[in-house]
Amino acid sequence: MFARTERLLLRPSWPEDAQKLHQAIADEGIVRNLARAPWPYTHEEAVRFATMDHDEIYPSFLLMLRTDGAPRLIGACGIGQHDGEAELGYWIARPYWGLGFATEAGRAVMGIAKAIGHKRLVAGHFIDNPASGGVLRKLGFRNTGKNEQRHSKGRGESMTCAVYERSLEDAGDDAMPPISSRAFSIRDYFERLQAA
């Protein structure tokens, strides 16, 4: 499954992505705001992520900045599971913070989530990372007013996490641009990339 936005290509990870993935995420300032990524984030961890099986119901995407040359890996966004619910998660490499990439990718992933049958998404952010809350509000998530303790592998401890939710059933087409969820071949991918 692939998606294209104004500036990004969202695609699954491939084994050959491990090196670039490690370079992009091996930053304590990024990892400390994630629940599942350990710190230090090793090259072996990047290989594990890049080679994991792709789940059609809970897809995960690398964010590739479309450029005149080769696309540049700038983050990841996807749907995971948390307490039996579909959860939106994302991270952006530090040089690309504050440029709207998390919001752009989040909209695309929400469109995919709706297309594959998810009715609702949850999300959260550690309370010392308010910028992530801003992204969630831009995506139409509602702060539930609840906080929960959530373990952060990157910090090695539990932290207070603000809890958000978003119904996808009431999301209009203007909130989430239509995304084609059909899979296409690697050849199609490279032809489309060259045409971009």
Side-chain angles (χ1 to χ4, degrees), residues 8-55 57-65 70-106 108-110 113 121-139 141 143-144 146-165:
L8 300 171
L9 171 70
L10 284 72
R11 66 162 175 82
S13 59
W14 298 325
E16 56 268 27
D17 294 318
Q19 180 71 26
K20 295 289 186 190
L21 174 62
H22 183 252
Q23 290 171 354
I25 194 175
D27 177 332
E28 189 175 8
I30 295 169
V31 174
R32 71 186 316 271
N33 291 318
L34 304 176
R36 296 181 182 110
W39 184 256
Y41 194 92
T42 65
H43 184 264
E44 291 74 24
E45 192 65 28
V47 169
R48 186 198 65 74
F49 183 88
T51 59
M52 70 182 182
D53 289 337
H54 298 289
D55 189 327
I57 302 301
Y58 298 101
S60 181
F61 303 93
L62 293 182
L63 308 180
M64 308 301 289
L65 179 62
R72 188 175 312 127
L73 194 157
I74 65 162
C77 187
I79 306 166
Q81 290 187 67
H82 178 62
D83 289 343
E85 297 194 80
E87 177 183 50
L88 179 71
Y90 50 85
W91 63 268
I92 302 294
R94 189 182 293 265
Y96 305 98
W97 286 1
L99 300 174
F101 289 115
T103 305
E104 188 173 331
V109 171
M110 287 169 58
L121 292 175
V122 297
H125 68 86
F126 294 120
I127 60 169
D128 60 355
N129 181 21
S132 192
V135 170
L136 293 173
R137 287 187 295 279
K138 286 177 191 173
L139 292 171
F141 278 79
N143 187 325
T144 64
K146 298 176 186 173
N147 291 332
E148 66 180 22
Q149 289 298 303
R150 185 132 183 218
H151 185 75
S152 166
K153 280 187 174 181
R155 299 177 194 224
E157 62 182 332
S158 290
M159 298 295 297
T160 303
C161 181
V163 179
Y164 289 71
E165 63 185 4

(request) Report the distance from atom CG of L65 to atom CD1 of I92, rounding to the nearest 0.5 Å. (result) 10.0 Å
(request) Side-chain contact test, heavy atoms from C-beta onward, threshold under 4.5 Å: evaluate it for Q23 versus L73 and give yes or no. (result) no
(request) Sort and list the pairs that fulfil salt bridge (charged side-chain N to carboxylate O under 4.0 Å, His left out) and have at least one residue in residues 12-24, not counting sequence neighbours. (result) R11-D17
(message) Are the side chains of L136 and Y90 in contact, using a 4.5 Å heavy-atom criterion?
(response) yes
(request) Spell out, as yes or no, whether a donor-acceptor pair under 3.5 Å connects the side chain of H22 to the backbone of V47. (result) no
(request) Decide yes or no for V122 and D83: does some side-chain heavy atom of the first lie under 4.5 Å from some side-chain heavy atom of the second? (result) no
(message) Taking the basic N atoms (NZ, or NE/NH1/NH2) and the acidic carboxylate oxygens, is any pair closer than 4.0 Å for E45 and K153?
(response) no
(request) State, yes or no, whether a side-chain contact exists between F126 and S132 at a heavy-atom distance under 4.5 Å. (result) no
(request) Mind listing the closest non-hydrogen atom pair of S13 and A50 along with its distance? (result) OG-O, 3.3 Å
(message) Is the shortest side-chain heavy-atom distance between Y41 and I30 below 4.5 Å?
(response) no
(request) Could you tell me whether the side chain of W91 and the main chain of V31 form a donor-acceptor pair under 3.5 Å? (result) no
(request) Please name the pair of heavy atoms, one in C77 and one in L63, separated by the smallest distance, quoted to 0.1 Å. (result) CB-CD2, 4.0 Å
(message) Tell me which pairs pass salt bridge (charged side-chain N to carboxylate O under 4.0 Å, His left out) where either residue lies in residues 22-31, with sequence neighbours left out.
(response) D27-R94
(request) Ignoring hydrogens and angles, state whether a donor on the side chain of S152 or E157 is under 3.5 Å from an acceptor on the partner side chain. (result) no
(request) For I127 and A162, work out which heavy atoms get closest and say how close. (result) CG2-N, 4.1 Å
(message) With a 4.5 Å cut-off on side-chain heavy atoms, are L10 and M64 touching?
(response) no
(message) Donor-acceptor check, side chain of T144 to backbone of V163, threshold 3.5 angstrom: yes or no?
(response) yes
(request) Check C161 against R150 and note the closest heavy-atom contact, atom names and distance. (result) CB-CB, 4.1 Å
(request) Could you pull out the closest heavy-atom pair between I79 and A113, with the gap in Å? (result) CD1-CB, 3.3 Å
(request) Measure from the side-chain N and O atoms of R32 to the backbone N and O of G154, and report whether any donor-acceptor pair falls under 3.5 Å. (result) no
(request) Look up atom CZ in F61 and atom CG in L8, then write down how far apart they are to the nearest 0.5 Å. (result) 12.5 Å
(request) State, with a plain yes or no, whether a side-chain heavy atom of F141 is found less than 4.5 Å away from one of M110. (result) yes
(request) Mind listing the closest non-hydrogen atom pair of A93 and A24 along with its distance? (result) CB-O, 3.7 Å
(message) Can you tell me how far apart CG (D128) and CG (N33) are? Round to the nearest 0.5 Å.
(response) 6.5 Å
(message) Rounded to the nearest 0.5 Å, what separates atom CG in L21 from atom NE2 in H43?
(response) 9.0 Å
(message) For a 4.5 angstrom cut-off between non-hydrogen side-chain atoms, does I25 reach L34?
(response) yes
(message) Holding to ring pair (Phe, Tyr, Trp, His ring centres under 6.0 Å), I want the full list of residues that pass it with Y164, two or more places apart in sequence or in another chain.
(response) H125
